[in-house]
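Numbered from 1 within each chain, the chains take letters A, B, ... in sequence-line order.
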Number of protein chains: 4
Amino acid sequence: MYDIRGLNEECGVFGIWNHPHAATLTYMALHSLQHRGQEGAGIVCSNGESLFGARGMGLLTEAISDAQLESLQGYQNAIGHVRYATTGASEIANVQPFLFKHSKGDLGLAHNGNLTNAVQIRHALESEGSVFQTTSDSEVLAHLLIRGKSPNIKTNQKAALNQVKGAFSCVMLNTNQLAAVRDNNGVRPLMLGEVDGAYCVASETCAFQAIGATYIRDIEPGELITFSGENDIDYDYYSTDINHNMCSMEYVYFARPDSEFHKHSIYNVRKALGKKLASEMGIEADIVIGVPDSSLQAAKGFSEYTGIPNEQGLLKNRYIGRTFITPDQSVREKQVRMKHSPIRDVIEGKRVVVIDDSIVRGTTSKYIVKALKSAGAKEVHMGISSPPLIDPCYYGIDVSTHAELMAAQHTVEEMQEMIGADSLTYLSVEGMHEVFHEFDSKGECDACFTGNYPIEIVDHQLPEVKELKRRGV
Amino acid sequence: MYDIRGLNEECGVFGIWNHPHAATLTYMALHSLQHRGQEGAGIVCSNGESLFGARGMGLLTEAISDAQLESLQGYQNAIGHVRYATTGASEIANVQPFLFKHSKGDLGLAHNGNLTNAVQIRHALESEGSVFQTTSDSEVLAHLLIRGKSPNIKTNQKAALNQVKGAFSCVMLNTNQLAAVRDNNGVRPLMLGEVDGAYCVASETCAFQAIGATYIRDIEPGELITFSGENDIDYDYYSTDINHNMCSMEYVYFARPDSEFHKHSIYNVRKALGKKLASEMGIEADIVIGVPDSSLQAAKGFSEYTGIPNEQGLLKNRYIGRTFITPDQSVREKQVRMKHSPIRDVIEGKRVVVIDDSIVRGTTSKYIVKALKSAGAKEVHMGISSPPLIDPCYYGIDVSTHAELMAAQHTVEEMQEMIGADSLTYLSVEGMHEVFHEFDSKGECDACFTGNYPIEIVDHQLPEVKELKRRGV
Amino acid sequence: MYDIRGLNEECGVFGIWNHPHAATLTYMALHSLQHRGQEGAGIVCSNGESLFGARGMGLLTEAISDAQLESLQGYQNAIGHVRYATTGASEIANVQPFLFKHSKGDLGLAHNGNLTNAVQIRHALESEGSVFQTTSDSEVLAHLLIRGKSPNIKTNQKAALNQVKGAFSCVMLNTNQLAAVRDNNGVRPLMLGEVDGAYCVASETCAFQAIGATYIRDIEPGELITFSGENDIDYDYYSTDINHNMCSMEYVYFARPDSEFHKHSIYNVRKALGKKLASEMGIEADIVIGVPDSSLQAAKGFSEYTGIPNEQGLLKNRYIGRTFITPDQSVREKQVRMKHSPIRDVIEGKRVVVIDDSIVRGTTSKYIVKALKSAGAKEVHMGISSPPLIDPCYYGIDVSTHAELMAAQHTVEEMQEMIGADSLTYLSVEGMHEVFHEFDSKGECDACFTGNYPIEIVDHQLPEVKELKRRGV
Amino acid sequence: MYDIRGLNEECGVFGIWNHPHAATLTYMALHSLQHRGQEGAGIVCSNGESLFGARGMGLLTEAISDAQLESLQGYQNAIGHVRYATTGASEIANVQPFLFKHSKGDLGLAHNGNLTNAVQIRHALESEGSVFQTTSDSEVLAHLLIRGKSPNIKTNQKAALNQVKGAFSCVMLNTNQLAAVRDNNGVRPLMLGEVDGAYCVASETCAFQAIGATYIRDIEPGELITFSGENDIDYDYYSTDINHNMCSMEYVYFARPDSEFHKHSIYNVRKALGKKLASEMGIEADIVIGVPDSSLQAAKGFSEYTGIPNEQGLLKNRYIGRTFITPDQSVREKQVRMKHSPIRDVIEGKRVVVIDDSIVRGTTSKYIVKALKSAGAKEVHMGISSPPLIDPCYYGIDVSTHAELMAAQHTVEEMQEMIGADSLTYLSVEGMHEVFHEFDSKGECDACFTGNYPIEIVDHQLPEVKELKRRGV
């Protein structure tokens, strides 16, 4: 009935107020956020009276045609969204921003995160007559926003935001204002910028670079910022119960290296994770290589700490390939080669440390070790620049079930053997937090590494969800 | 705020219960109903527990891919919809069947017609907290259905149907039943059939021919038929206030000639309209030709009555062309030729009666008269097999504003001159009704010809809609 | 080695000289000739110095994009081609016009017909060093044209044309002239027209209607017309051995009804074929119907002669469907219904004469008889408005092998039984010729009905082709 | 008349003999060679009697559909080609492999390089009656091959190859043999491999990695290797006039880092180029960064030599963007940001050395310096890991005219100022050669850096080509 797995997704949001090229800048910003979601994309604009939108499946260039983008010219205010490809629920109905039509005025909504009491609220709303078209938690938030009874929009926004639990960095476009909010646990990032005198917000600062905007500061947990009028900005908080639980995986894997959190580049954070891993790992080797692209910085940090030379020993093919449906096993085995290839000349005869940011199912790790060995590596030591992934995320990332997580099912020793590495070392949880704190982070969620969930997963206590989980759905 | 014009649309619906190839037969049926809507198409299936769907923009073959159709195999119950291309609101969010997710169970809904109190109900629902994603009247009906408080689905259906006014032929798919309903004025057609022991319903009987189904009978105004279990069928009425206001334009133009209403083919009705026109028109001529494809039968009837030979004097190009955006006026003028071409040899030196079913804007009529004259016609007399279109339809057909209707702005004499015909004759309203009654029709709506609207247009009395109309929006 | 079957094809050609919108008019003309070829289309233009082209697979709208058409603007001279979908050899390399680059100047070539000594010439050319990229006979003609040694283009053209045998209506674009030629047997049609003071040629006059051109006259067998300079026209013949062997199937089936041969519309020719069939057939019946669209005129003629009422008893679905790959036999059987549907009301209880223009494999005929009977026809008599198809065409139409032709394998009595009709009557060969002569035709090829091939099939005497045929390739 | 510019192109070739999955492996190999050409791709297979092919425009996944690849299953022998996007001549007719049909048997040809006497030979062939469909030099080579008069294919191949001058690494597929040849100056690479007991050849060894093949050795200048029968291999030379003029730009820029020449990885060659540049440059700085992706290794080498830390200071967006056609200058200026973005945190306050492999027009260099400075770089010193590009290449790379080459028009000092760098240093020609020789290269072409063309550019002496050049075409 409810698809718990389908709620888990990672996305990117953007919003801009009162810029003559609002739609075009949103498009360019979404392009820079494409790594946060490739399943679908959309833009909703306001002309001050109504909202209009375009959305579609696939990469941004596929989702929004030239003609559609053209049709959004001339509007000053816009929000946009890119959506991650989760298995199954790939349906156009789920692509955001959502656009709701109401006699009090239209509402556009784009959300990054996951609400943990969406099912509970949904039940309550349904019992009062609400009707839903999707199973999306974002639709629940939109209902709460629209059902607000106050003539003041912000009052309604605060009331709605105080009802939902979970992770959310969200932009809400009304005809006469744009609001940006970050949940009071600060799980997902949200940034404030300015371009050509107009305010903008984005999931990551790389979007600001892409459009030539200045990065003003991180939006704080619980903060609700409203843009209206010419360039009026209103700073407020929807809650006083503020916690700092920034998602560790944003640092480790999701964010782009040129993005900044708290004015520090992810690039440097990842290098520091590599250094810390090196300090904990203690290994002798001839070269250290990173799995491209996300682990190159950690490898560099590892190299700087240990003095072991850093080489680019693995190459990633930039062109998207095709998976052949073939009855022939030998051809199928060859296919995995199309994505990464080792540089024999660099690896042959060497003791290699290979750095990756995480191990999910272990498939890629197995291939990489095998490829390095077949390229002549004498030893392959794998270092992971984060702790073992042992628990699912309920706050917006699709690492869903214990069954799928190799580290939830096996000891590190077992994993090392399965992967075929000569050693396997993970960064410690403490080490990871230490690194983040060096970069001015005030606290991070580490639930996927520890099972300590900082925000209550309300829906999991509902009898029907428990029943679903019991039945393994 | 509300787009009154966008509510007007013509569509086709289909539903089938308990057939092993439900989705495939729905697809084939929708293909035969394609003339009722080319903007979008969709199919929703039930597996007895949940509903699943696929929908898309464009013709059926574009809207639903092979892979999507494949993914719907194995389900026994299905509904489908084709949607007419109205200007502007071409958005995927408007493509039906709508699919709603609710804790009491999913609902699929496909609707042909237009509700005339949708805005009023919508206001009421919004004030109770309902949230809408589209301006579609069908979404309003779905909300009423889902908000029903009874544990009995049919009780809720009846309650909802009694709240809405207007024209609707509608299929509603729940996980354990399929219901088909025709409004109590019987404006839009809805037919009952049977194939391989399974029941099915369709907007027109041509869908039954397409899938090899038997045409049982027309569903009556106000009738609510429910299919459930193996092959259980429940006949009921949601209202006792039954009227017969079948849309005249379904007879005149919309339905396919091989479809039947009351067991009489549209083919024969249209021939009879041509005969009646001939009896009223009284003209001497050498040949009579019909504008292809919809007016060929009326021309044949005209010929049979008058003895004037019927020839195929105009040819229609079967291949869809392209409109050139060109600054050159002479090329633009040539473009109209790409659609219809006269057969000179047939026309030259003749006094020609040309029969068309209706005149909307007059553009095509002007071209046809010009083409016939340039092909050598000595005289061109235009006969229209229906009365002048002087008022908009609020019951589901997109002949929207007075300003667009040539006959609402001009006398027949003025029109004759503008079109360039030697004479212009319309069928009388009485003549038209007489024909329909010969074919066992019990009563028809003629509002677009007379302004006598049989069903109250509630929304037009709402202050904000009046204001919109005053401002000419 | 050589694909004899692939040489058989039906196509449409167009050419225009010195018109400011040459490419656009060619595009519009090709659209009107689309019935002559749906596999591919192309346009080649000249700017007086070089030739440029665009071509692609599929219907015209798919084959040539807006951007490609735009890129051909500004050139005054153009030729175009639509190509018929033959099985197998659907390759972009075969789509015409061909464009050849030579130091003496470029050549564009578009050809409708089939050369019967192409393989022989090809062998000779290959032995002199020529190299071919396709198996197309048109490429052979192009080689002959380009290899001409005279400084005078027309001298070379005449020399080349006198070497080839077979059927060809051909347009040849050089940088400073456009030539149109029809083979000396006059098998394929080719027409001369004029638009806005510029000359044009086309396979059928419907292309002239489409662009607002005046139809001047038919180009004669053996005639070679050259356009150059401002509007210079040069009338000449490449041969004095002139015969009149117009393809009968152009009259019977291929040409559009609004096209004219010898200033008579195909519409009237087909009516006359129906009349002649009626005069030979002698049948009592209640109604006569034509198989849409190509046999509607013959049915009308039949009706006029016999007085049996003509009704539109079969409807053709205008929307292209999809063939389902399904293991279920019952679904497969339903699929044939998607193309034609009978109008029960018209047919029930009637003795029906159904007119078709020809029977190739018999599949459609079987379905039509079955459909009419299941719609309640008391008797179904099938009349064919041409003689039995018993021999392949080697002059440009894809009715390739004896094995595929029902009438080559069976007597008319056997066919009647296989098709399930109560009677089956073909038009006589003599009757057919009489009709054509009434419409000023000077002689027609009837090889596919009689086996009397008016032009030698040289390639069939080649040992390797005989061997291929012996092996049944 | 002749498009000299259009002849310049860079491509990739592959061939495989007697492998049960020939087409699939060719597809996978072409995917790994995609960096050598993105304009078009094709595969031609042999079944031992005939050749069949598929080719299309765009990236491999666009050019060859699943259905097309499927249709090539079951053949044992194949060649493939990817083609570089040169401006203008983007036409399907130019996509290789070319496939020629001849009575002596079919020929498939795929070529990487450029013939310098193609126009001259073409003239000669045309005067003997040859006809060409393209202006491609590869078509000239094919004509020579096919016109060979000997019954022995290799005799004809040698004769043909001895007539052409220029750069060519070429695969030629006949029905009963596959031949691979490298020109006697060895300009373009060609490699010999073996997979599952079958021989294969490829432009680069990365193709061998992709299919799990073993890299046997480089094919030598002038070598002609023939595969036939089960696994027969015949080593031969078509010429005794052997020179070693490997293209320097293959080392510097074109080849993939994981490819190997003379058993040395390009990765290590590029590192060595960076070291050599460092030894010549002598600079003080805080960090050194490479322009991704092609200059990362040179930057690493530079860092190793100087001890200046190597950082990834520039990020490249992996998603292909869209260029907006916008009248607004400010938006246009923002667009360049979408491709590369600097990592502020790494760069701010630093003296930066940025390494690039070459400067063509200078546009990217200007943007990169500006981006680094606006990210806070105190100084930006640009080092180029190859000498200034001052002359066009006539051997297969599209760096076409002097006018387009910044270094051909300006001194290094002027360039430094135009680019905005604090210094600009190029690697010396001698330094570059020294590096190559360290990696066992026997000699390289440096014409684009020195104007010393090792192979005569015959066509440039032709009067008509001179005239074209004089007129600046």
Side-chain angles (χ1 to χ4, degrees), chain C residues 1-3 6 40 42 49-50 52-57 63 68 71 88-95 98-109 119-120 122-136 139-149 175 462 464-465 473, chain D residues 1-3 6 40 42 49-57 63 68 71 88-95 98-109 119-120 122-136 139-149 175 462 464 473:
Chain C
M1 204 191 302
Y2 296 106
D3 186 357
E49 288 208 3
S50 295
F52 305 90
R55 53 189 178 138
M57 306 289 283
Q68 286 178 308
S71 75
S90 273
E91 227 264 278
I92 184 72
N94 290 318
V95 177
F98 285 135
L99 174 50
F100 297 89
K101 295 279 176 182
H102 196 274
S103 54
K104 290 186 294 187
D106 299 347
L107 170 69
L109 179 95
V119 176
Q120 187 190 53
R122 192 185 158 106
H123 282 205
L125 290 176
E126 285 183 341
S127 69
E128 294 170 24
S130 275
V131 171
F132 293 87
Q133 290 201 27
T134 71
T135 52
S136 162
E139 196 182 354
V140 170
L141 178 55
H143 274 244
L144 291 177
L145 287 166
I146 292 171
R147 292 170 67 108
K149 301 218 181 305
T175 49
L462 297 173
E464 70 274 37
V465 176
V473 177
Chain D
M1 200 193 300
Y2 296 106
D3 187 357
E49 288 208 1
S50 296
L51 301 191
F52 306 91
R55 53 189 178 139
M57 306 288 284
Q68 286 178 308
S71 75
S90 271
E91 228 263 278
I92 183 72
N94 291 318
V95 177
F98 286 136
L99 174 51
F100 298 87
K101 296 279 176 180
H102 196 276
S103 54
K104 289 185 294 187
D106 300 346
L107 170 68
L109 179 94
V119 177
Q120 187 191 53
R122 193 186 159 105
H123 282 206
L125 290 176
E126 284 183 342
S127 71
E128 293 170 25
S130 275
V131 171
F132 293 86
Q133 289 201 29
T134 70
T135 52
S136 162
E139 195 183 354
V140 170
L141 177 55
H143 274 245
L144 291 178
L145 287 166
I146 292 171
R147 291 169 69 107
K149 299 218 182 305
T175 49
L462 297 174
E464 71 273 35
V473 177

Participant: Going from CZ on D/R122 to NZ on C/K101, what distance comes out if it is rounded to the nearest 0.5 angstrom?
Facilitator: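 Going from CZ on D/R122 over to NZ on C/K101, the span is 9.0 Å.
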
Participant: Under 3.5 Å, side chain of D/E126 to main-chain N/O of C/S103, donor-acceptor pair present?
Facilitator: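 Between the backbone of C/S103 and the side chain of D/E126 there is a qualifying donor-acceptor contact (under 3.5 Å).
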
Participant: Working to the nearest 0.5 Å, report the span between OG of C/S127 and NZ of D/K104.
Facilitator: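 One finds 9.0 Å between OG of C/S127 and NZ of D/K104.
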
Participant: Select one option (side chain, backbone, both, neither) describing which atoms of D/Q133 are under 4.5 Å from chain C's heavy atoms.
Facilitator: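 Contact with chain C involves both backbone and side-chain atoms of D/Q133.
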
Participant: Please report the interatomic distance OG(D/S130) to CD(C/E128), rounded to the nearest 0.5 Å.
Facilitator: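 Going from OG on D/S130 over to CD on C/E128, the span is 10.5 Å.
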
Participant: Side chain to side chain contact (heavy atoms under 4.5 Å, CB included) with C/V131: which of D/F98, D/F100, D/F132?
Facilitator: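 It is D/F100, the one option of D/F98, D/F100, D/F132 that forms the side chain to side chain contact (heavy atoms under 4.5 Å, CB included) with C/V131.
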
